[in-house]
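Below is one structure, written out as structure tokens; the observations come after it.
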Amino acid sequence: MKNTRIGIIGAGPSGLAQLRAFEAAEKQGLEVPEIVCFEKQENWGGMWNYSWRTGVGKYGEPIHGSMYKYLWSNGPKECLEFSDYSFDEHFKKPISSYPPRPVLFDYIQGRINKSNARNYIRFNTTARWVSYDEDTKKFTLILDDLKNDKTYSEEFDYLIVASGHFSTPNMPYFEGIEDFPGTVMHAHDFRGADQFKDQNILLIGSSYSAEDIGVQCHKHGAQSVTLSYRSNPIGVEWPDGIKEVPLLTHFEGDTAHFNNGHKEQFDAVIMCTGYQHKFPFLPDELRLKTKNNLYPDNLYKGIFFNDLPQLMYLGMQDQYYTFNMFDTQAWVARDFMMNRYEIPSKEERSKDIDLWLEKNNNLQSSFDHVDFQTDYIKELIALSDYPDFNLDKVADMFKEWLNDKDENILTYRDKTFQSVVTGTVAAEHHTEWMDELDDSKERYLFADEKEEALTEV
Ligand code: FAD
Ligand code: NA7
């Protein structure tokens, strides 16, 4: 195995899951291949590694991060818990079901800090280009060492693409927008709702970003929030101050016109119009081409590039499940690379992909989507020794979460769930989410203890 070299692009939750999977094999006494992970940022964590920057970073690379200040988990943490590293093990006490970003970042780091994974990661290194040689059966990666301004290349037997897909904005054009006098940005560049205090803002889109940025701006004091949908409204009961309208047709100055005849003046426009799967480092024949959906075409088991299975993609699906799904993928990918899992012929792989695509095409409701991704993960879990967890219970929690959001979009984050890994019931947070304007780890974890101590004195 030592002669086998594995390259990983990206040290976000997916790339870290791959490193963890190899660590788990090593702990079982198995000899693992040589691994190098390339990360263009100076730290790991991907999206969870918050950056105040927008545009380009200090070395001129496009900024990867799309997360913002005051971002709290948008689903119950019990649905993403690593089954080999529980929240209890990390925090040593029950915490609430919807922690803020710094707390989830801490959790991700807790698991990986226990290993020697950092030794395998080359930070500040961008994968610039990949090629594959049919004769040698090796990938050549061209890499930019950003700090030292050096370009070099290395060869690998297997390549894992874990570069994420919520980073390159999908930015549509609307007539007249070039003359809109206020801020126009994509959700990718949104860094905090405080910027929009007292403003009337228009959000275009009707998915996670529109919903959460809309609610965040409402919570942090926007004058009004208007969400404009193309296909379907989010459709929850909105509080006063937030409303949904159909798609806009054009702008005249600061006035947006909508296709139902409604028109309104706005101070700012935020495009919550999703992201493109963008792999500027991959040539045509190796590049995954997909929009955001639950089963990208041409990936066997959602992982192996069908034309060349030595090339694997992690986390490329639209996501209900996140960290635990990346784990189940990484464990299977690891076993393939360590010759512990064999994949069938290309023809059989194609048939399997087609079955899943057909299933995906027939999904109707959000509950169907949850069940689909649950079935997908069940299949993966059966293929490796990633610790099993009760996926049916997790699917139930996702459905409860969807209902909770329908019931009250401002209070769903105050609900609590039970861990399927440890059985622990989440604690209620010391402050209701709508009243909590501080998302720091210190306040989240210790504010109630400090208050108790003060009362005792
Ligand atoms: P990423 O986290 O995007 O990491 C990819 C890594 O690859 C990055 O570190 C990047 O710098 C690196 N990279 C990219 N290109 C290169 C290159 N050429 N060379 C070297 N390195 C490269 N999930 C949840 O579970 N709960 C949430 O509440 C939640 N909220 C979200 C909110 C927002 C605004 C967004 C955008 C996503 C959210 N997600 C959430 C989903 C999130 O994408 C996943 O949780 C997770 O971060 C995906 O992990 P990943 O490793 O696949 O990708
Ligand atoms: P999504 O979930 O991909 O949703 C994109 C939204 O943008 C969706 O509502 C689309 O409408 C809408 N869209 C896309 N193009 C247009 C145009 N041209 N005009 C109007 N509306 C458009 O992206 P999100 O950013 O919400 O979520 C991505 C991740 O970030 C997610 O996992 C979260 O955890 C955070 P459609 O319904 O297709 O008509």
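Counting convention: from 1, in listed order, for ligands and their atoms alike.
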Checklist entry - Aromatic rings Tyr98 and Tyr412: how do their planes relate, parallel, tilted or perpendicular, breaks at 30° and 60°? => result perpendicular
Next on the checklist: Give me the residue, atom name and distance of the protein heavy atom closest to atom 31 (C) of ligand 2.
Outcome noted: Tyr208 CD1, 3.6 Å
Checklist entry - Can you find a non-hydrogen atom of Ser206 under 4.0 Å from ligand 2? => result yes
Checklist entry - Should the ring pair Phe190 and Tyr68 be called parallel, tilted or perpendicular, given that the plane angle runs from 0 to 90° and is split at 30 and 60? => result perpendicular
Checklist entry - Nearest protein heavy-atom contact for atom 23 (O) of ligand 2: which residue, which atom, what distance? => result Gly274 CA, 3.4 Å
Checklist entry - Between Phe87 and Phe91, how do the two ring planes meet: parallel, tilted or perpendicular, split at 30° and 60°? => result parallel
Item to check | Ring centroid separation His90 to Tyr85 under 6.0 Å | outcome: yes
Checklist outcome for this item: The protein heavy atom nearest to atom 6 (C) of ligand 2 is Cys272 O, 3.5 Å
Next on the checklist: Below 4.0 Å, non-hydrogen atoms only: which portion of Thr273 touches ligand 2? Side chain, backbone, both or neither.
Outcome noted: both
Checklist entry - So which bit of Asn74 gets within less than 4.0 Å of ligand 2, heavy atoms only: side chain, backbone, both or neither? => result side chain
Checklist entry - Would you say the ring centroid of His165 lies under 6.0 angstrom from that of Tyr275? => result no
Checklist entry - Going by the order shown, which atoms of ligand 2 are within less than 4.0 Å of some heavy atom of Asn170? => result 14 (C), 15 (N)
Checklist entry - Any salt bridge (Lys or Arg N to Asp or Glu O under 4.0 Å) pairs touching residues 255-282, not counting sequence neighbours? => result Lys243-Glu264
Checklist entry - Any idea which atoms of ligand 2 are less than 4.0 Å away from a heavy-atom of Tyr275? => result 25 (O)
Checklist outcome for this item: atom 3 (O) of ligand 2 has as its nearest protein heavy atom Asn292 ND2, 3.2 Å
Item to check | ligand 2 atoms in contact with Ile204 (distance to a heavy atom under 4.0 Å) | outcome: 20 (C)
Checklist entry - Against heavy atoms of Phe174, which atoms of ligand 2 measure under 4.0 Å? => result 19 (N)
Next on the checklist: Polar contacts were defined as any N/O atom of the residue lying under 3.5 Å from an N/O atom of the ligand; does this apply to Arg230 and ligand 2?
Outcome noted: yes
Checklist entry - For Tyr300, what residues pass the ring pair (Phe, Tyr, Trp, His ring centres under 6.0 Å) criterion, not counting sequence neighbours? => result none
Next on the checklist: Assess whether a salt bridge exists between Lys405 and Glu400, defined as any Lys/Arg side-chain N lying under 4.0 Å from an Asp/Glu carboxylate O.
Outcome noted: no
Checklist entry - Does any N/O atom on Pro172 come nearer than 3.5 Å to any N/O atom on ligand 2? => result no
Item to check | Asn232-ligand 2 polar pair, N/O distance under 3.5 Å | outcome: no
Item to check | Heteroatom distance test (Gln319, ligand 2): nitrogen or oxygen, under 3.5 angstrom | outcome: no
Next on the checklist: Would you call the rings of Tyr208 and Trp401 parallel, tilted or perpendicular, taking 30° and 60° as the class edges?
Outcome noted: parallel
Checklist outcome for this item: atom 8 (C) of ligand 2: of Ser231, Ala210, Ser207, the nearest heavy atom sits on Ser207
Checklist entry - Of all the atoms in ligand 2, which lie at a distance below 4.0 Å from a heavy atom belonging to Ser209? => result 24 (P), 25 (O), 26 (O), 27 (O), 30 (O)
Checklist entry - With only distance considered, is Asp318 within less than 3.5 Å of ligand 2 through an N or O on each side? => result no
Item to check | Sole residue of Asp194, Asp438, Asp439 in salt bridge (Lys or Arg N to Asp or Glu O under 4.0 Å) with Lys69 | outcome: Asp194
Next on the checklist: Check the orientation of Tyr376 and Tyr295. Use parallel for under 30°, tilted for 30 to 60°, and perpendicular for over 60°.
Outcome noted: perpendicular
Next on the checklist: Just to be sure I read this right, does ligand 2 sit under 4.0 Å from the backbone of Ser228, its side chain, both, or neither, counting only heavy atoms?
Outcome noted: neither
Next on the checklist: With heavy-atom distances below 4.0 Å as the criterion, list the atoms of ligand 2 near Leu247.
Outcome noted: 20 (C)
Checklist entry - Under 3.5 Å, is there a donor-acceptor pair between the Asn259 and Thr249 side chains? => result no
Checklist entry - Under 6.0 Å from the six-membered ring centre of Trp48 and within 45° of its axis: does the NZ or CZ of Arg101 meet both? => result no
Checklist outcome for this item: Within the heavy-atom cut-off of under 4.0 Å, ligand 1 is lined by Ile9, Gly10, Gly12, Pro13, Ser14, Phe38, Glu39, Lys40, Gln41, Gly46, Met47, Trp48, His64, Ser66, Met67, Leu71, Ser73, Asn74, Leu80, Thr125, Thr126, Ala127, Ala162, Ser163, Gly164, Phe166, Phe281, Gln319, Thr322, Phe323, Phe326
Next on the checklist: Can you list everything that forms a side-chain hydrogen bond (donor to acceptor under 3.5 Å, both in side chains) with Lys138? Sequence neighbours excluded, please.
Outcome noted: Asp157
Checklist entry - Do you see a donor-acceptor pair shorter than 3.5 Å between the side chains of Asn148 and Asp145? => result yes
Item to check | Parallel, tilted or perpendicular: rings of Phe389 and Tyr386 (30°, 60°) | outcome: perpendicular
Checklist entry - Which one holds for Phe166 and ligand 2: side chain close, backbone close, both close, or neither close, with close meaning a heavy atom under 4.0 Å? => result side chain
